[in-house]
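Let me begin by presenting the structure, written as structure tokens, before commenting on it.
Values below: every heavy atom of this structure, side chains too, minus hydrogens, waters and symmetry copies.
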Amino acid sequence: MANTVIQATPSQIEAMQKAYLSCMSDKIPPGAIFAAKKAGLSITAYKSGKVMFQGAKGEMEATKWGSPTVPKVKSSSSKSTSVLPVGFANKNVVGSDEVGTGDYFGPMIVAACYVDQAMMPLLKQLGVKDSKAMTDPEICDIAKKIIPVVPHSLLLLPNPKYNDLQAKGMNQGQMKAILHNRALENVLAKIQPIKPDAILIDQFAEKNTYYRYLTKEPSIVREDVFFATKAEGLHLSVAAASIIARSRFVEAFHEMERELGISIPKGASSKVDQIAANIIDTKGIATLQQYVKWHFANTDKAKRLSHTSN
């Protein structure tokens, strides 16, 4: 099967979600924002910004959204590996990651952590690794153990504030950039006078785009900053940040479920649409808006499924 990949912006991915609304798939791969299927074509968008078009019509469909990227060869000369200094995994690093960006329900959360060489054996012993390879109960259990020992910052963007910022024209990428920058600043302040060897951000935007998002911020972390996709596997600081952020996200879901008195699925599938419709019917559309990312396509689908006239 032919594969064509493009690098898309958050706003482009949002437009794709609307365009492929009628053919969304319930099965979303790990790390993906959405998956869709139509005749002779499968589309999968990942939180890294990469969008894969699979099938005979893939290349033609991809050109509607951008120029295909040339696949990178994984070798010592590859940009994806050589961009980080030699021995990076053993350096003293502040790393950051986020969760909740592709979920209709729940907040966006960013965490940053400082991990030095002395801390690494303990973190490995406690099971710190890529959170995508772990279950939510495992993540929450490990998070409880590492939170007391890892200098970190955890920032949560509540849905009402998210929706307000989005309505005023701020895209999701800019919100993420601001949260990452502030979390990094918080950790750097906590560990002073220690200066890390480097800072690693789990990449969700190109470097220039990331810094453009921050132009109105009073201060910006720039020194020794690196960007990499799948950064959880490149340094324990990002893996720890991912675990702490995911644990808080799971906790936020439990809080929502207690407040609403129902079980809420993660992601943005048709099951999510039905739950959202039920909330509209039983608690009103204003209540739903307090718990979701309102601009997602799920809102319109939930309104159509609702028995309440809107």
Side-chain angles (χ1 to χ4, degrees), residues 28 30-31 33-34 47 96-113 127-128 131-132 134-148 150 152-167 170 172 175-176 178-180 182-183 186-187 202 232 239-299 301-303 305-306 308:
I28 303 176
I33 297 173
F34 75 81
K47 80 171 190 175
S96 62
D97 199 4
E98 82 284 335
V99 297
T101 58
D103 294 86
Y104 181 55
F105 281 95
M108 181 191 297
I109 299 175
V110 170
C113 292
V128 174
S131 64
K132 294 184 181 64
M134 301 158 62
T135 65
D136 283 347
E138 288 175 325
I139 289 170
C140 293
D141 180 60
I142 293 174
K144 291 178 183 177
K145 297 174 182 176
I146 67 174
I147 284 174
V150 177
H152 69 280
S153 174
L154 181 67
L155 301 179
L156 183 150
L157 181 63
N159 292 103
K161 182 63 175 178
Y162 176 101
N163 292 330
D164 180 58
L165 292 173
Q166 197 278 330
M170 185 179 291
Q172 195 181 83
M175 295 182 212
K176 285 193 282 188
I178 291 171
L179 289 173
H180 273 267
R182 292 180 182 177
N186 291 345
V187 174
D202 190 51
E232 303 98 318
S242 178
I243 288 170
I244 291 174
R246 182 68 183 183
S247 175
R248 182 63 185 90
F249 186 71
V250 172
E251 183 181 321
F253 254 75
H254 290 331
E255 292 168 358
M256 287 191 297
E257 290 175 331
R258 286 193 295 270
E259 291 170 7
L260 294 169
I262 56 173
S263 177
I264 302 174
K266 298 179 180 67
S269 67
S270 58
K271 292 180 181 178
V272 170
D273 301 334
Q274 188 59 63
I275 292 295
N278 291 343
I279 292 173
I280 293 174
D281 291 338
T282 59
K283 300 181 183 297
I285 199 164
T287 297
L288 176 66
Q289 193 167 10
Q290 298 299 304
Y291 293 93
V292 302
K293 299 175 183 70
W294 194 245
H295 67 106
F296 275 33
N298 303 83
T299 297
K301 289 189 280 186
K303 288 179 180 178
L305 290 169
S306 170
T308 303

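Looking at Val150 and Val128, their side chains never come closer than 4.5 Å, going by heavy atoms from C-beta outward. Residues Val250 and Ser247 have side chains not in contact (no heavy-atom distance under 4.5 Å, counting atoms from C-beta outward). Within the 4.5 Å cutoff, side-chain heavy atoms of Thr287 are placed close to those of Leu260. For the pair Leu165 and Leu157, the minimum side-chain heavy-atom distance is below 4.5 Å. At least one side-chain heavy atom of Ser306 sits under 4.5 Å from a side-chain heavy atom of Asp281.
Atom OG of Ser153 and atom CZ of Arg182 lie 11.0 Å apart (nearest 0.5 Å). Interatomic distance, CD of Glu251 versus CD1 of Ile109, reported as 8.5 Å (0.5 Å rounding). For the atom pair CD of Glu259 and NZ of Lys283, the computed distance is 10.5 Å after rounding to the nearest 0.5 Å. Distance CG/Asp136 to CD/Glu138: 9.5 Å, rounded to 0.5 Å. Between atom CG of residue Leu305 and atom OG of residue Ser270 there is a gap of 9.0 Å, rounded to the nearest 0.5 Å. Interatomic distance, CZ of Phe249 versus CG of Leu154, reported as 12.5 Å (0.5 Å rounding).
Looking only at distances, a side-chain donor or acceptor of Asn298 sits under 3.5 Å from a matching main-chain atom of Ala268. When atom types are taken as modelled, the side chain of Lys293 and the backbone of Gly100 share a donor-acceptor pair closer than 3.5 angstrom. Between the side chain of Asn163 and the backbone N or O of Val292 there is at least one donor-acceptor pair closer than 3.5 Å. No side-chain donor-acceptor contact under 3.5 Å links Asp273 to the backbone of Ala302. Checked by atom type and distance alone, the side chain of Asn159 pairs as donor or acceptor with a backbone atom of Gly106 at under 3.5 Å. For the pair Thr299 (side chain) and Trp294 (backbone), a donor-acceptor distance under 3.5 Å is present.
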Trace of the salt bridge (Lys or Arg N to Asp or Glu O under 4.0 Å) decision for Glu255 with Arg248: CA-CA 10 Å; Glu255 292 168 358; Arg248 182 63 185 90; 3.6 Å; yes
Gln172 vs Met108, side chain to side chain contact (heavy atoms under 4.5 Å, CB included): CA-CA, chis, key distance, verdict: CA-CA 9 Å; Gln172 195 181 83; Met108 181 191 297; 3.3 Å; yes
Stepwise side chain to side chain contact (heavy atoms under 4.5 Å, CB included) test for His295 and Tyr162: CA-CA 10 Å; His295 67 106; Tyr162 176 101; 2.7 Å; yes
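Among all heavy-atom pairs drawn from Pro160 and Gln290, the shortest one is CG-OE1, 3.2 Å. Nearest heavy atoms, Ala245 versus Val99: O-CG2, 3.5 Å. Heavy atoms only, all atoms of each residue included: Leu155 and Ala183 are closest at CD1-N, 3.6 Å. Across every non-hydrogen atom of Glu232 and Ser242, the tightest pair is CG-CB, 4.0 Å. Contact detail for Ile285 and Lys303: the closest heavy-atom pair is CD1-CE, 3.5 Å. Summarising the geometry of His152 relative to Cys113, their closest heavy-atom pair is CB-SG, 3.7 Å, with the distance given to 0.1 Å.
Under the side chain to side chain contact (heavy atoms under 4.5 Å, CB included) rule, Leu288 has a single partner from Asn278, Ile275, Ile279, Thr282, which is Ile279.
Using a 4.0 Å cut-off between a side-chain N of Lys or Arg and a carboxylate O of Asp or Glu, Asp202 and Lys176 do not qualify as a salt bridge.
Phe105 and Phe253 have perpendicular rings, their planes meeting at more than 60° on a 0 to 90° scale where under 30° would count as parallel.
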